[in-house]
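To start, the structure itself, in structure tokens.
Here, residue 1 is the first one in the sequence, and each next residue gets the next number.
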Amino acid sequence: MSFSGEAKRELCKTLPPRRCCAQAQCYGILLYANRFDRGEARIITESADFAESLPTLFKKAFHISFDRLPEPGGGKRVFSITAPDKLSLLSETFGYDPGSSVAHHINFAALEEEHCRTAFFRGAFLAGGSVTDPAKGYHLEFATSHLSVSRELMTLLREGGFEPKGVKRGANHMVYFKRSEDIADFLTNLGAPLAAMELMNAKAEKDLRGGVNRRVNCDAANLDKAVEAAQAQLEAIRKLQKRADLGELPPKLREVALLRLENPDLTLSELGELCQPPITKSTLSYRLKKLSELAGE
């Protein structure tokens, strides 16, 4: 099962405790469903957990049942309400007049309480939302063909302290989050703390791997530089050696030259420890630089 499917399964484990929240969750579902108008309310889903919870949810919210239930088997599951009295009950509950409304809008008056707004978000996510596997990336979105609903959802989310973004993709209007912290907070708020924890664990593991890789790359780069520097030092010392200049060098420079020839793989710190008396890395670096300058003359 996908990460999105697991998150929805977690959300479907419990029903809203209040009837008003059950209605708010149904409201989010209907506005993000396949169809909601004077002729039909149709919900299509591939989530078995969501499909299993729908009849009980609508029964608790409105004391009504679906006129069409899914056919046995997997794949897309279709729920439908076509009875005029049931559709009228849904419309009246949410202040929606199919005869006069050209486009859908979110009735903010039906979502005055914070717990009802959270239930509305949950329903919208279950019907029209998805979240990417955090091992691949961070993206949570809602998709609807209703422009007004998409804009008003963004307003509700911002009032709730979230910072979503919006974009049009084909015939759909998308509201989405990209930051892992926002997605984790939102999933927790909806009632999916396990999914949120899995996301943050994946992020922590990814950050740890990234940090290790950066350190390894940095160490490798430093090692390459050290090797190149040592080769340049050896080349300079061998030039002096060919010209028989090593014996004419001052004792301190001659000591460093001989130590570098004998220990081409040692770091400057390790090489400095072999000097008598031991010298610092900066002092050794200065003497090696002097040798390079003499070799270039």
Side-chain angles (χ1 to χ4, degrees), residues 4 7-8 11-12 16 20-47 50 53-54 57-58 61-62 76 78-82 86-131 139-178 182-183 186-187 189-191:
S4 189
K8 291 185 178 183
L11 293 174
C12 292
C20 62
C21 291
Q23 291 179 345
Q25 185 164 320
C26 290
Y27 192 23
I29 292 170
L30 290 169
L31 289 182
Y32 275 82
N34 178 260
R35 178 181 175 184
F36 179 37
D37 53 36
R38 65 165 63 189
E40 183 182 12
R42 184 192 305 146
I43 304 163
I44 301 177
T45 181
E46 294 183 359
S47 169
F50 181 39
S53 69
L54 277 172
L57 178 65
F58 273 73
F62 306 106
K76 292 185 176 180
V78 181
F79 295 82
S80 177
I81 296 174
T82 53
K86 297 178 183 177
L87 291 172
S88 295
L89 174 61
L90 296 177
S91 300
E92 291 170 5
T93 301
F94 304 125
Y96 169 56
D97 183 359
S100 61
S101 299
V102 177
H104 275 295
H105 288 273
I106 297 177
N107 182 2
F108 286 24
L111 305 173
E112 290 182 352
E113 299 295 334
E114 183 177 351
H115 49 78
C116 288
R117 284 196 297 272
T118 299
F120 176 83
F121 296 150
R122 187 185 305 115
F125 177 74
L126 287 169
S130 63
V131 58
H139 186 86
L140 184 149
E141 68 179 24
F142 299 83
T144 179
S145 59
H146 307 298
L147 173 60
S148 298
V149 170
S150 185
R151 288 176 174 174
E152 290 156 3
L153 176 67
M154 290 182 69
T155 299
L156 279 176
L157 287 169
R158 285 175 179 144
E159 288 179 357
F162 299 101
E163 289 298 329
K165 295 182 179 180
V167 68
K168 189 174 187 297
R169 188 188 303 157
N172 285 327
H173 302 277
M174 321 298 294
V175 173
Y176 66 93
F177 298 103
K178 281 298 228 185
D182 293 339
I183 297 173
F186 186 69
L187 288 174
N189 187 64
L190 288 191

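Residues Ser148 and His104 share a closest heavy-atom pair of CB-O, 3.3 Å. Scanning both residues, Ser4 and Gly129, for their nearest heavy atoms gives OG-O, 4.5 Å. What you find for Val131 and Ala7 is that their closest heavy atoms are CG1-CB, 4.4 Å. Of all heavy-atom pairs between Cys20 and Cys116, the closest is SG-SG, 3.6 Å. Here the closest non-hydrogen pair linking Ala127 and Ala33 is CB-N, 4.4 Å.
Proximity of a side-chain donor or acceptor of Asn107 to a complementary backbone N or O of Phe94 within less than 3.5 Å is detected. Put simply, the side chain of Arg122 gets close to the backbone of Leu190: a donor and an acceptor are under 3.5 Å apart. Listed for the His139 side chain is no donor-acceptor partner under 3.5 Å among the backbone atoms of Ser130. Gln25 contributes no side-chain N or O that, together with a main-chain N or O of Gly123, makes up a donor-acceptor pair within less than 3.5 Å. Remark: the backbone N or O of Leu147 is not paired with any side-chain donor or acceptor of Ser150 at under 3.5 angstrom.
Looking only at side-chain heavy atoms (C-beta outward), Ile43 and Asn34 stay at 4.5 Å or farther from each other. Within the 4.5 Å cutoff, no side-chain heavy atoms of Tyr27 are placed close to those of Ile29. Contact of the Pro16 side chain with the Leu57 side chain is registered, since non-hydrogen atoms from C-beta on lie closer than 4.5 Å. Proximity of Phe142 to Tyr176: side-chain heavy atoms (C-beta onward) are nowhere separated by under 4.5 Å. Counting heavy atoms from C-beta on, the side chains of Val175 and His173 never come closer than 4.5 Å. Residues His146 and Tyr32 are not in side-chain contact: their nearest non-hydrogen atoms beyond the backbone lie 4.5 Å or more apart. Put simply, the side chain of Asp182 does not reach to within 4.5 Å of the side chain of Leu140, judged on heavy atoms. In this structure the side chain of Gln23 reaches within 4.5 angstrom of the side chain of Thr93, judged on heavy atoms.
Between Phe177 and Phe186, the gap from one ring centroid to the other is short of 6.0 Å.
For residues 160-171, every residue pair satisfying the salt bridge (charged side-chain N to carboxylate O under 4.0 Å, His left out) rule, not counting sequence neighbours, is listed here: Glu141-Arg169.
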How far apart are the C-alpha atoms of Leu126 and Ser47, what are their side-chain angles, what is the distance that settles it, and do they pass the side-chain contact (heavy atoms from CB on, under 4.5 Å) test? CA-CA 9 Å; Leu126 287 169; Ser47 169; over 6 Å; no
Can you check side-chain contact (heavy atoms from CB on, under 4.5 Å) on Thr144 and Asn172, steps first, answer last? CA-CA 5 Å; Thr144 179; Asn172 285 327; 5.8 Å; no
Stepwise, does the side-chain contact (heavy atoms from CB on, under 4.5 Å) test hold for Arg42 with Ile44? CA-CA 7 Å; Arg42 184 192 305 146; Ile44 301 177; 4.0 Å; yes
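More than 12 heavy-atom neighbours from other residues, nucleotides or ligands sit within 6.0 angstrom of CZ on Arg35. Residue-environment remark: CD (Glu159) exceeds the threshold of 12 foreign heavy atoms within 6.0 Å.
Arg117 contributes atom CZ, which lies 11.5 Å from atom CD1 of Ile106 (distance to the nearest 0.5 angstrom). Residue Lys76 holds its NZ atom at 10.0 Å from OG1 of Thr45, rounded to the nearest 0.5 Å. The CE atom of Met174 sits 11.5 Å away from atom CG of Leu153, with the distance rounded to the nearest 0.5 Å. Rounded to the nearest 0.5 angstrom, Leu187 CG and Phe125 CZ are separated by 6.0 Å. Atoms CZ and CG, from Phe121 and Leu156 in turn, are 5.0 Å apart once rounded to the nearest 0.5 Å. Considering CZ of Phe36 and CG of Leu30, their distance stands at 5.0 Å, rounded to 0.5 Å.
For the pair Lys86 and Phe62, the cation-pi test (distance below 6.0 Å, angle within 45°) is failed.
At a cut-off of 3.5 Å, with distance as the only test, no side-chain donor of Thr82 or Glu40 sits close to an acceptor on the other residue.
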